[in-house]
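Here's the structure we're looking at; comments come further down.
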Amino acid sequence: MFSKALTSAIVALAATRMVSAQTFTDCDPLEKTCSPDAAFGKNSVSCDWTKGACSAFEGLPGTTVSYDSKGAIFSIEKESNAPTMATHKRIFFGRVDVELIAAAGQGIVTSLVFESADLDEIDWEWVGGDNEQVQSNYFGKGDTTTYDRGAYHPVSKPLTTLHKYSLDWTKDRINWEIDGEVVRTLTYDEAKSGTRYPQTPMEVKIGTWVAGGKNSAKGTVEWAGGYTDFDKAPFNAYYKSISIVDYAGGDAPTTDDIKEYVWTDHTGSYESIKVVKGDGSSDDSKDEQDDSKDDKETTTSASKTKTVVKTTSTSETSAEATSTSVTTMTTVSATPTPTEEATSSTTETTEETSTTAAGEPSTVPDAPGAAAGVLANFGRVAFAGAAAVAVAQLF
């Protein structure tokens, strides 16, 4: 269980600390022309993992998932394990509901992540040594220069009890929900006037990873509650079900067949994303034939203008706002990446630094240093907490 006093210290200090970040994407649409993102469109997803595998998800390299009456079992037995599944098709605003029991075990993390090609991200995250709360977080354009985006939310025994966790995402706001109740709302304007608001097509990732490994950074281990005792393995998370609904640039489920989402410029704004209609199939040749006949293109309506700046380091000290309508939220630092550790000195003027590589995971068993990159598949879901923990230790 994490100290609320430590949480408060992080809140007070994290926004004044700086981090330089290196993140990774296969193709960054902010810098070059990238391939369109395949879309779900009206083909919503409903997976019941108590009945076995779901074709909407693919296991990432090194992932082995089994199934029983509780659902899909994401099991960790050693430090190099990081079972992860992803959709690869994208939603452009939408809703996801997942029923799960998070993995219990000190240093073990369970995650639900939305992530886009330009490093927008929305997260739910559970730490295996904390059976009283869950963490929410978000990132815009891979910007990790402030640590005020994360929040803790009370929930009854998430490591032993099934709950439904939801993300409802539109161009205007993001709602995080637990068992149907909204526990946090982030509006577009609250995320640096929209410039750091997640707003580009996202894939959905689920999985578990080790934050308390012997190769993990000290700050990561402290955030995760300590080192993992693998004599107590396996550590199992149970994902019972998930539903995914694509709003296709709107504010409600789309009724259209959508083929793909096209990045028309390098701004990373939702206005720049073109929604291309089609039959939504995975048959590329058929899609090409349909394109020549009757595909229609619609562009999401623009109601706001903004400037997007991709930042890797800054001396900025202002904090991004979080929702004022939430009554059950305690604002905290963003969480750490298991590959890096922020450093701190005994003077308040020293800047913490952190680096990471946020590519797809490599979980080859027993590979040297395999655990060093196990969270790469989750982008910045746990990027900056190590720095915040270091800051808190100054007091």
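We number each residue from 1, following the sequence as shown.
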Margin query: Could you report the tightest heavy-atom contact between D246 and F92, atom names first, then the distance?
Written below: OD1-N, 3.0 Å
Next item on the list: Taking only Lys NZ, Arg NE, NH1 and NH2, and the carboxylate oxygens of Asp or Glu, determine whether E203 and K89 approach each other closer than 4.0 Å.
Entry: no
Checklist line | K70 to Y238, cation-pi by 6.0 Å centre distance and 45° axis angle | finding: yes
Next item on the list: Answer whether the closest heavy-atom distance between the side chains of I174 and P198 falls below 4.5 Å.
Entry: yes
Check: Do side-chain atoms of S46 reach the backbone of S243 as a donor and acceptor pair under 3.5 angstrom?
Finding: no
Checklist line | Test salt bridge (Lys or Arg N to Asp or Glu O under 4.0 Å) applied to K141 and D118, step by step | finding: CA-CA 6 Å; K141 308 296 176 278; D118 70 349; 3.2 Å; yes
Next item on the list: Using a 4.5 Å cut-off on heavy atoms from C-beta on, say whether the side chain of T110 contacts that of F74.
Entry: no
Notebook entry, point to check: Which pair of heavy atoms, one from V65 and one from Y67, lies closest together, and at what distance?
Noted result: O-CE1, 3.7 Å
Note to self: Tell me whether the rings of Y270 and Y188 are parallel (<30°), tilted (30 to 60°) or perpendicular (>60°).
What the structure shows: perpendicular
Check: Between T84 and L60, is there a donor-acceptor pair closer than 3.5 Å when you use the side chain of the first and the backbone of the second?
Finding: no
Notebook entry, point to check: Hey, are D97 and R95 close enough for a salt bridge, meaning a charged N less than 4.0 Å from a carboxylate O?
Noted result: yes
Margin query: Looking at D256 and K42, is any side-chain nitrogen of the basic one under 4.0 Å from a carboxylate oxygen of the acidic one?
Written below: no
Check: Between A248 and Y261, what is the shortest heavy-atom contact and its length?
Finding: CA-OH, 3.3 Å
Check: Between T63 and A82, which heavy-atom pair has the shortest distance, and what is it?
Finding: OG1-O, 4.2 Å
Margin query: If you compare all heavy atoms of P29 against all heavy atoms of H266, which two are closest, and at what distance to 0.1 Å?
Written below: O-ND1, 2.8 Å
Check: Is a donor on one side and an acceptor on the other found under 3.5 Å between the side chain of E77 and the backbone of F235?
Finding: no
Checklist line | pair V127-W223: side-chain heavy atoms closer than 4.5 Å | finding: yes
Next item on the list: Decide yes or no for E177 and D168: does some side-chain heavy atom of the first lie under 4.5 Å from some side-chain heavy atom of the second?
Entry: yes
Check: Who are the side chain to side chain contact (heavy atoms under 4.5 Å, CB included) partners of T161, not counting sequence neighbours?
Finding: K157, H163
Note to self: Within the structure provided, determine whether I91 and F114 are in side-chain contact (heavy-atom separation under 4.5 Å).
What the structure shows: yes
Check: What are the two closest heavy atoms between E79 and N215, and how far apart are they?
Finding: OE2-N, 2.8 Å
Next item on the list: Answer yes or no: is there an ion pair linking K192 with D143, defined by an N-O contact shorter than 4.0 Å?
Entry: yes
Notebook entry, point to check: Hey, does the side chain of W126 reach the backbone of L112 with a donor-acceptor pair shorter than 3.5 angstrom?
Noted result: no
Notebook entry, point to check: So, does N175 use its side chain to make a donor-acceptor pair with the main chain of V182 at under 3.5 Å?
Noted result: no
Item checked: Aromatic ring proximity W169/Y247, centre distance under 6.0 Å -> no
Check: Any side-chain donor paired with an acceptor under 3.5 Å for S241 and D48?
Finding: no
Notebook entry, point to check: Is the shortest heavy-atom distance from the side chain of T87 to the side chain of I244 under 4.5 Å?
Noted result: yes
Margin query: Does any part of the side chain of I101, heavy atoms only, come nearer than 4.5 Å to the side chain of L159, both counted from C-beta?
Written below: no
Check: Hey, does I258 have a side-chain heavy atom less than 4.5 Å from the side chain of K277?
Finding: yes
